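Keep in mind that what you see is a predicted model, and the values were worked out from it rather than measured. Side chains included, hydrogens not; waters and symmetry mates left out as well; all remaining heavy atoms used.
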Amino acid sequence: MQRRKGPDTLDKTVTYLAKRDGIDKVLKVIRYSTKLALATALKNDSSDLAQRLKEFEGSIGTSRKAYRLGKWLSDLNTLRNTPVLTKAGSLEVLASGGEGVYYFVEQLTWLVKAGLLDKKYAKRFSTISAWAELVGYVGNVTLNSLRIAAALERELMLTEELVRRKKEDDTMPDDVHLIKEVQGLRARRLLRTLAVVQDLSDALMALNDVTDGKGPVNSSALLSACGLMSAFISAHKNWPASPA
């Protein structure tokens, strides 16, 4: 058998699905693909297939809540290690605090769906988690936007420095360290831009939950498309990177 130089797609898939976040993101893609199908091709369809897909989608939603058990502890740990007396620190507290409350309340929602807690708490838990999720997205989007702006400013400064050096001495080789830093800044800026798009997509869905479907954006197809876009972005971010 030929020896492989590095991990292939199967290796990466095994690694991906071995992690809780990997399974969660795959379930997210499947769930919102199903919701989009129900909101478009199968809209107002009362067939057996449509009913089965609705039950399937609801089951995946419950499964995702179970897979995220204890995830709020990660946000609690972030809060514990965040200096709050800075602008970035305050936004981190807002982002992690909102997300942490959301994940914690989602565990209670899961217990309601599992039958351990009374169903009378379901609406209350849903409202609290939606508000907390929305607050977390506001913090995340603001924080990432500031980081994107700072990275862009640094990137432009380094690019201008490279151009200046080239003009001064055309025979001088390019500074490898500066070029690598610029490439790194561009890669991080792209990831943060994707994170902003993902958070805005999820924020639209959270806003719809907060307004109980009576907000400015209440199209099932649009919200499902937002959820699917967020799912693909989060799945991409969690995919194992190829070795350098």
Tell me whether [X] shares a hydrophobic cluster with [Y], the cluster being built from Ile, Leu, Val, Met, Phe, Trp, Tyr side chains joined at under 4.5 Å.
X    : Y    : result
L152 : V182 : no
V196 : L190 : no
L162 : L156 : no
V101 : W110 : yes
V14  : V26  : no

Nearest heavy-atom pair of [X] and [Y]: which atoms, and what distance?
X    : Y    : result
A195 : N144 : CB-ND2, 3.9 Å
A206 : E133 : CB-OE1, 3.7 Å
A39  : S224 : CB-OG, 4.1 Å
Y102 : A132 : N-CB, 3.7 Å
K12  : P7   : CE-O, 4.0 Å
A235 : V29  : CB-CG2, 4.4 Å

Practice item. Starting from the C-alpha separation in whole Å, work towards a yes-or-no answer on side-chain contact (heavy atoms from CB on, under 4.5 Å) for V135 and L94. Key: CA-CA 7 Å; V135 167; L94 186 69; 3.4 Å; yes
Would you call [X] and [Y] a side-chain contact if the rule is heavy atoms closer than 4.5 Å?
X    : Y    : value
N208 : L204 : no
K43  : L38  : no
K87  : L146 : yes
V197 : R192 : no
L49  : S47  : yes
I148 : R188 : no
M205 : Y32  : yes

When rounded to the nearest 0.5 angstrom, what is the spacing between [atom1] in [X] and [atom2] in [Y]?
X    : Y    : atom1 : atom2 : answer
I60  : K65  : CD1   : NZ    : 12.0 Å
D45  : T40  : CG    : OG1   : 11.0 Å
Q183 : E155 : CD    : CD    : 10.5 Å
L36  : L228 : CG    : CG    : 6.0 Å
L27  : T62  : CG    : OG1   : 11.5 Å
L108 : S129 : CG    : OG    : 9.5 Å

Determine whether a donor-acceptor pair (N or O, by modelled atom type, separation under 3.5 Å) exists between the side chain of [X] and the backbone of [Y].
X    : Y    : value
S59  : E55  : no
N81  : N77  : yes
N218 : K214 : no
Q107 : G70  : yes
S90  : V84  : yes
S126 : A122 : no

Check your understanding: Salt bridge between E160 and R164, side-chain N to carboxylate O under 4.0 Å?
Key -> no
Practice item. Go through the steps to decide whether K28 and S230 satisfy the test side-chain contact (heavy atoms from CB on, under 4.5 Å), and finish with yes or no. Key: CA-CA 9 Å; K28 187 175 182 180; S230 169; 2.8 Å; yes
Practice item. Please name the residue in the list K71, R64, K19 that meets the side-chain hydrogen bond (donor to acceptor under 3.5 Å, both in side chains) test with D24. Key: R64
Point to revise | Steps toward salt bridge (charged side-chain N to carboxylate O under 4.0 Å, His left out) verdict (D48, R52) | key: CA-CA 6 Å; D48 183 59; R52 287 178 182 275; 2.7 Å; yes
Review point. Given the rule in the side-chain contact (heavy atoms from CB on, under 4.5 Å) test, do T127 and W131 qualify, once you have shown the distances and angles that lead to the verdict?
Key: CA-CA 6 Å; T127 302; W131 273 108; 3.8 Å; yes
Exercise for review: Could you tell me how the ring of W239 sits relative to the ring of Y16: parallel (under 30°), tilted (30 to 60°) or perpendicular (over 60°)?
Suggested key: tilted
Check your understanding: Would you say the ring centroid of F104 lies under 6.0 angstrom from that of W72?
Key -> yes
Greater than 12 external heavy atoms within 6.0 Å of [X]'s [atom1]:
X    : atom1 : value
R20  : CZ    : yes
K113 : NZ    : no
E153 : CD    : no

Exercise for review: Go through the structure and list residues passing side chain to side chain contact (heavy atoms under 4.5 Å, CB included) with D118, not counting sequence neighbours.
Suggested key: K120, Y121
Practice item. Decide yes or no on side-chain contact (heavy atoms from CB on, under 4.5 Å) for R154 and L158, but give the supporting numbers first. Key: CA-CA 6 Å; R154 174 70 176 167; L158 292 176; 3.8 Å; yes
